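Report on one structure; see the data block that follows.
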Amino acid sequence: MSDQEKCWSKLPPKLLSLIANRLELRSDILSFRAVCPTWRNSAPFSLLADKTTILSPILPHKFSINVPDDHPLTPGLWRIANRPLVLVATSFFIIQSITSPNLPPWLFSVEEFNPGKLNLCSPLKRNVLNDLPKNFPNNLDLCKFRITKISTLYTLSFVDTDYDVNPKYKHRTWANFDKAVLHLDTSKSSDHTMEDCTLFVLFKDSSNGSFGKVRLRDGTFTSLNRCKIKSFDDVRIFESCGELYLVYKCPSYEDVRYKVYKLKDDEEEIKWVELKEGIGDERILFATLDGCGYIADFECFLGNTLEIAVYEFGSGECKRIDSGASQVLWPPPGWLSEDPP
Amino acid sequence: MASSSSSSLSRVVVKSSDNNLFVVNKKVASQSQLLKQCIDNMEEKGTNDVILIPLSNVTSNILTLVLEYCEKHADFADDDNNNQELKQWDHEFLKKFDYATLNSLTMAADYMVTKSLLNLCCQFIADSIKDLTVQQIRQIFDIKNDFTPQEEADIKNENAWAFR
């Protein structure tokens, strides 16, 4: 086979469209279409017809939590059950200038509360930035920058019945969830259909945290409270490689700053098992108010101190890195709105 | 069934484009619809000779890989398709190759009508594209950007995130 035939832009359109048809995300299909003319023609715009969402193929998703009749209705559960909720994806990105790669990157997050529409958020807080700075572009042209996705987290908000019918629906409450930590378990399937999704919910119940899982298909709630969670405020849960983990921020009087637990869920028992050795060198945990994710490929971090604080599980050392951190978060850099020369 | 005069031979010979000969068990060869069709045709004619199938589009490097895949899948042919061990093997199988080999393998799977291998390759390629930027895709697949300025402008409109 000649070298020319090995070229990916010379792959027969029939094969290219087989590949394109397997892409689930709108953004992946758009990237595929932007590679070269042959690839573009192999992935017609019609592929996007049923893919109106940007960050996740199945979110935002509206549902309610249904508590089985034989399940005790605790005050915490009573607050969240049987009310319309929407599960929203929030993704964190690092954006770098292609023309001036030495300029500091910018860390930002966007959420998709209304399908197909992104809201810029402040990464370490929960609020949506409604008043964008003057220099912020109306349309962020993804081809002009190097954008790396760090992680996707999931948040829940209460909405009215109006949410489904009004594409510009804005009203929501998440205060009731206080510091609820949520995570979507997609480990069982790579297809990300609603059928396979289980949402792990951590919510405040009196002063402790209650832990349970919700089958998203029909909202059925199952309590996982046999594994106790104290001091709800200092806990985040996250999923990595199909396993569920919990990070606990210890009180300041203890020697250790953070502890990591892994959920052991088999037929005999369900409990959190402490991992003395941390989560492994190849992963970085990324924690915010709403939850945390992990970063498997942190090549983009090399040479850039982006971490606000770095905690090493091995040595127990917590290094706070302030220099440059604030300008990584705010304000948006000027090169975002500049046209390349 | 084919005529009994020829079915006594359980092996066929497949010739690669660079003229190397591979002796292949019929059950293994049947994983490729192209080879199966050739064997069926020859047997219908009632030949007593060894069946030789020349493949003008597949080099011996790539043919070796396709046959390795066919052999593994022939072993599991009577099991159900959900066999975990086979799935795991499939996954490890493709991970070994660089993108140039993957390209040729995909083309060969298509040419030899080995549908499960073709699906496997396409899914693997789609999975490796996920979450990459356009520049990163061009880089790993070694593709030049040869859009016209007009096309560039269309793409720009298409790939923008609207914030206001």
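All of these numbers come straight from a predicted model, not from anything done at the bench. Letters A, B, ... are given to chains in the order of the sequence lines, protein chains preceding strands, and every chain is numbered from 1.
With a threshold of 4.5 angstrom between heavy atoms, Leu118(B) approaches chain A through side-chain atoms but not through N, CA, C or O. If you measure heavy-atom distances from Arg26(A) to chain B, you find no contacts under 4.5 Å at all. In this structure, the portion of Gln136(B) lying under 4.5 Å from any heavy atom of chain A is its side chain and not its backbone.
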- Under the side-chain contact (heavy atoms from CB on, under 4.5 Å) criterion, do Ile19(A) and Gln123(B) qualify, and how do the steps go? CA-CA 7 Å; Ile19(A) 298 166; Gln123(B) 188 62 53; over 6 Å; no
- Decide side-chain contact (heavy atoms from CB on, under 4.5 Å) for Val35(A) and Phe141(B); before the verdict, give the C-alpha distance in whole Å, the side-chain angles of both, and the deciding distance to 0.1 Å. CA-CA 10 Å; Val35(A) 170; Phe141(B) 291 96; over 6 Å; no
- Query: Going through the distances and angles, do Phe32(A) and Ile129(B) end up as a side-chain contact (heavy atoms from CB on, under 4.5 Å)?
  - Reply: CA-CA 8 Å; Phe32(A) 190 97; Ile129(B) 287 172; 3.9 Å; yes
- Task: Check the pair Leu11(A), Met107(B) against side-chain contact (heavy atoms from CB on, under 4.5 Å), reporting the backbone distance first and the verdict last.
- Result: CA-CA 8 Å; Leu11(A) 207 64; Met107(B) 302 267 273; 3.6 Å; yes
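Within 6.0 Å of NZ on Lys96(B) lie more than 12 heavy atoms contributed by other residues, nucleotides or ligands. In the displayed structure, Glu68(B) atom CD is contacted under 6.0 Å by more than 12 heavy atoms of other residues, nucleotides or ligands. Annotation for Lys115(B): atom NZ does not count as buried by contact number, only 12 or fewer foreign heavy atoms lying within 6.0 Å.
Interatomic distance, OG of Ser9(A) versus CG of Asp142(B), reported as 9.0 Å (0.5 Å rounding). With rounding to the nearest 0.5 Å, the separation of NZ in Lys130(B) from OG in Ser31(A) is 13.0 Å. A distance of 10.0 Å separates CZ in Phe45(A) from CG in Asp154(B), rounded to the nearest 0.5 Å. With rounding to the nearest 0.5 Å, the separation of NZ in Lys144(B) from SG in Cys36(A) is 11.5 Å.
When Asn119(B), Asn61(B), Thr133(B), Thr106(B) are compared by the number of non-hydrogen pairs under 4.5 Å with chain A, Asn119(B) comes out ahead. Ranking Leu16(A), Leu18(A), Leu25(A) against chain B, the residue ahead of the rest is Leu18(A), based on heavy-atom pairs under 4.5 Å. Put simply, of Ile137(B), Leu132(B), Thr148(B), the one with the most heavy-atom pairs under 4.5 Å next to chain A is Ile137(B).
Looking at Trp8(A) and Ile125(B), their side chains come closer than 4.5 Å, going by heavy atoms from C-beta outward.
Salt-bridge formation is not detected for the pair Arg22(A)/Asp127(B): no Lys NZ or Arg NE/NH1/NH2 atom is positioned less than 4.0 Å from an Asp or Glu carboxylate oxygen.
Taking all atoms of both residues into account, the shortest heavy-atom contact from Arg138(B) to Ala34(A) is NH2-O, 2.7 Å. The shortest non-hydrogen separation linking Arg33(A) to Phe147(B) is O-CZ, 3.7 Å.
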